[in-house]
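Note that the numbering runs from 1 along the sequence shown for the chain. As a basis for the values below, the full set of heavy atoms in this structure was taken, side chains included, without hydrogen atoms, waters or symmetry mates.
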Amino acid sequence: MSESRVLVIDTNREQGRSVGAVLEFVDFTPECWADVDALCAQATRPREYAAIVIGDLGDSCESFYAWLKRDPQFPYILLLPDQVEVPHGLHPDEHAVLQLPIRHQQLAELMQRVSVKRMDTEAERMLSRLGPSGESAAIQRVRSMIDQVAPFDTTVLITGESGTGKEVAARRIHALSRRANKPFVAVNCGAIPADLLESELFGHEKGAFTGAVAQRRGRFELAEGGTLFLDEIGDMSLPMQVKILRVLQERSFERVGGNDTKQCDVRIIAATHRDLESRIVSGDFREDLFYRLNVFPVEMPRLTDRIADLPRLVDDLIASLQADGRGDVALSEQAVAALQQYAWPGNVRELANLVERLSVLHPGQCVEVDELPERYQPAAMATASQAGVLADLTAEPGPARAPSLPESGIDLRDHMASVEMALIRQALDASNGVVAHAATLLHLRRTTLVEKLRKYDLGR
């Protein structure tokens with residue numbers, strides 16, 4: 001489904017084009033139809049649209065709603081006044097009525113609601129299927145922590161590598177909380193340019209900047225009473241960190257270009273794949289914000305740390321594809337066993353992408369080991385490039401050859417410091433900058449390594 005594609009169905013062609021023009025103005029892509037029967041004859045499914053605007057259906061109401069309800073995942077409905085009667089069985093949370101003439105602000109706010117509703121619907125399906133699921137000790141600890149913190153409004157910081165399921169965990173916390181019937185709003189702080197993030201989070205007033213043609217509510221207002229998920233908060237700029245700190249402390253904010261202070265009742269869940277403590281050392285993250293966020297830390301395990309869960313995850317991902325009508329596939333026991341030998345740098349996200357790819361390549365079939373993409377086959381897994389520095393660091397220490405002492409002597413303290421710095425840099429490179437993993441390679445406590453990073457000014 002396209003996040004911007006909107007179906008406009010109206011036998012009044014002029015009115016349909018008018019609605020389409022306003023949708024384009026607020027950055028959506030309208031697809032206008034006047035022939036209802038022709039639309040229903042197409043292979044297109046309702047779920048392929050972000051929303052559907054319904055005007056005058058003429059004599060084709062029954063056939064249109066039959067087409068709509070054949071798909072259990074039909075999108076949000078916007079009814080024009082021509083559609084006086086609300087379709088039977090349509091839940092109030094699934095539709096809204098547009099007023100004519102259509103105002104840009106009204107449509108923009110409704111389309112924001114569409115985006116939030118769509119994310120919630122997709123997330124609920126994912127949560128019900130995937131969990132985080134598994135029976136490994138690592139994932140059971142995560143679920144136990146989620147169940148403990150969910151009933152409270154405690155701020156949660158979820159850490160872990162990319163693709164480990166941080167958003168799945170955040171949505172489960174929301175679903176088990178007293179805020180479950182309120183919005184869950186997610187925003188990727190690393191995907192939005194720094195100069196636009198403030199408007200995205202706090203909204204803006206009309207005329208606040210070039211292009212602000214209408215007042216707009218931000219994510220904090222959209223999440224009122226519910227949960228705001230700040231993903232990749234480690235990539236947020238320092239000026240925005242100051243503003244987020246203020247909201248956490250005072251529970252209030254102002255829209256961009258506005259003077260009115262707005263109070264907010266929002267639970268904050270933040271997530272990052274970065275080591276925030278090392279970013280504090282390098283000056284890229286505020287220490288006071290870190291302690292505001294890190295009230296209840298939850299670390300998501302890598303897939304390789306819970307590899308026993310892989311067969312269950314494969315089954316859940318296949319079931320998810322089937323339920324969404326996006327394909328069907330099976331994997332042989334030997335193929336699953338082969339996948340359990342892979343390193344999974346992309347974690348569960350990489351596994352999900354692989355299962356979907358296999359469903360396209362081998363629809364309705366059982367995939368054997370030799371039908372897996374080459375990189376997942378056992379013969380391709382052990383390469384020299386995977387060893388590299390990591391193999392050197394994890395190797396058992398052997399007898400060391402003593403360096404020669406120069407005739408002029410040596411400053412032992414400086415020499416030892418340079419050796420220590422070189423090994424720390426290698427460990428950080430081998431662990432992709434994750435301080436905890438680097439500390440393990442160096443057989444140090446994490447706090448000890450953090451102190452050495454400060455001492456040598458090695459912030460990354």
Side-chain angles (χ1 to χ4, degrees), residues 3 50-51 73-78 90-97 105-106 108-132 143 145-158 165-189 192 197 199-204 215-233 243-244 246-255 260-271 292-293 295-296 298:
E3 295 189 5
Q73 296 170 25
F74 63 82
Y76 200 78
I77 304 296
L78 300 175
L90 200 61
H91 192 274
D93 289 341
E94 296 172 341
H95 76 277
V97 178
Q105 181 178 342
Q106 178 204 14
E109 289 187 357
L110 280 173
M111 293 311 293
Q112 274 192 314
R113 188 189 305 173
V114 165
S115 298
V116 172
K117 179 65 179 175
R118 177 184 56 78
M119 287 190 295
D120 282 349
T121 302
E122 291 179 354
E124 286 166 7
R125 293 200 303 270
M126 183 194 303
L127 182 64
S128 65
R129 295 169 193 157
L130 296 183
R143 279 205 303 268
M145 296 179 74
I146 288 174
D147 293 347
Q148 285 180 308
V149 77
F152 304 95
D153 278 345
T154 305
T155 301
V156 178
L157 178 62
I158 305 174
K166 294 187 289 293
E167 185 168 346
V168 173
R171 290 186 182 276
R172 183 176 179 87
I173 292 171
H174 173 74
L176 297 176
S177 74
R178 64 180 181 84
R179 298 173 181 266
N181 61 344
K182 298 293 183 178
F184 177 97
V185 178
V187 56
N188 189 322
C189 302
I192 301 173
L197 185 57
S199 171
E200 189 68 28
L201 290 174
F202 305 130
H204 62 251
Q215 185 188 77
R216 182 187 181 193
R217 295 190 301 158
R219 299 297 180 98
F220 271 92
E221 288 182 79
L222 291 173
E224 180 64 21
T227 301
L228 180 63
F229 177 56
L230 299 175
D231 198 9
E232 299 303 350
I233 198 165
K243 293 180 170 65
I244 290 295
R246 186 215 164 184
V247 178
L248 290 174
Q249 290 173 336
E250 302 179 14
R251 296 293 168 176
S252 64
F253 64 92
E254 291 86 34
R255 289 177 180 158
D260 294 336
T261 299
K262 297 185 175 296
Q263 301 297 317
C264 64
D265 173 23
V266 173
R267 181 186 193 166
I268 300 293
I269 300 177
R292 280 282 179 178
L293 295 171
V295 179
F296 192 93
V298 175

With Arg178, which residues qualify under side chain to side chain contact (heavy atoms under 4.5 Å, CB included), at least two apart?
Asp153
Could you check whether any side-chain heavy atom of Glu254 comes within less than 4.5 Å of a side-chain heavy atom of Phe202, counting everything from C-beta outward?
no
For Glu250, all residues meeting salt bridge (charged side-chain N to carboxylate O under 4.0 Å, His left out), sequence neighbours excluded
Arg246
For Ser199, side-chain hydrogen bond (donor to acceptor under 3.5 Å, both in side chains) partners two or more places apart
His204
Set of residues satisfying side chain to side chain contact (heavy atoms under 4.5 Å, CB included) with respect to Ala223, sequence neighbours excluded:
Val185, Leu228, Val266
Are Arg219 and Glu200 ion-paired here, with the side-chain N under 4.0 Å from a carboxylate O?
yes
Distance, nearest 0.5 Å, that separates CD of Glu167 from CZ of Arg172:
15.0 Å
Point-to-point distance, once rounded to the nearest 0.5 Å, from SG of Cys189 to CD of Glu232
8.5 Å
Closest heavy-atom pair and its distance - His174, Pro183
CE1-O, 3.5 Å
For the residue pair Leu230 and Ile269, establish whether any side-chain heavy-atom pair is separated by less than 4.5 Å.
no
Aromatic plane relationship, Phe253 with Phe220 - under 30° parallel, 30 to 60° tilted, over 60° perpendicular:
tilted
How close do Ile173 and Ala150 get, heavy atom to heavy atom, and via which atoms?
O-CB, 3.6 Å
Does any part of the side chain of Arg267, heavy atoms only, come nearer than 4.5 Å to the side chain of Ser177, both counted from C-beta?
yes
Identify the heavy atoms of Phe229 and Ala270 that sit nearest to each other, and give their distance.
CE1-C, 4.3 Å
So CZ of Arg171 and CG of Leu176: to nearest 0.5 Å the spacing works out to 13.5 Å
Would you find more than 12 non-hydrogen atoms of other residues, nucleotides or ligands less than 6.0 Å from Asn181 atom CG?
yes
Those residues at least two apart in sequence (or on a different chain) that pass salt bridge (charged side-chain N to carboxylate O under 4.0 Å, His left out) with Glu221 are Arg255
How long is the span from the CG atom in Leu197 to the CG atom in Asn188, to the nearest 0.5 Å?
9.5 Å
Holding to side chain to side chain contact (heavy atoms under 4.5 Å, CB included), I want the full list of residues that pass it with Arg292, two or more places apart in sequence or in another chain.
Leu245, Leu248, Gln249
Work out which heavy atom in Cys264 is nearest to a heavy atom in Ser252; give both atom names and the distance.
SG-N, 4.3 Å
Is the closest side-chain heavy-atom distance between Val295 and Leu157 below 4.5 Å?
no
Just jot down the ring pair (Phe, Tyr, Trp, His ring centres under 6.0 Å) partners of Phe296, sequence neighbours excluded, or say none.
none
If you take all heavy atoms of Ala169 and Pro132, which pair is closest and at what distance?
CA-CD, 4.5 Å
Heavy atoms, side chains only, cut-off 4.5 Å: are Val187 and Asp231 in contact?
no
Checking Arg179 side chain against Gly225 main chain: does a donor-acceptor pair fall under 3.5 Å?
yes
How many angstroms lie between CG in Leu222 and CD in Glu224, if you round to the nearest 0.5 Å?
10.5 Å
Rounded to the nearest 0.5 Å, the CG atom of Leu293 sits from the CD1 atom of Ile244 at a distance of 8.5 Å
For Ala170 and Phe184, which heavy atoms make the closest approach, and how far apart are they?
O-CE1, 3.7 Å
Step-by-step salt bridge (Lys or Arg N to Asp or Glu O under 4.0 Å) determination, Asp265 to Lys182:
CA-CA 11 Å; Asp265 173 23; Lys182 298 293 183 178; over 6 Å; no
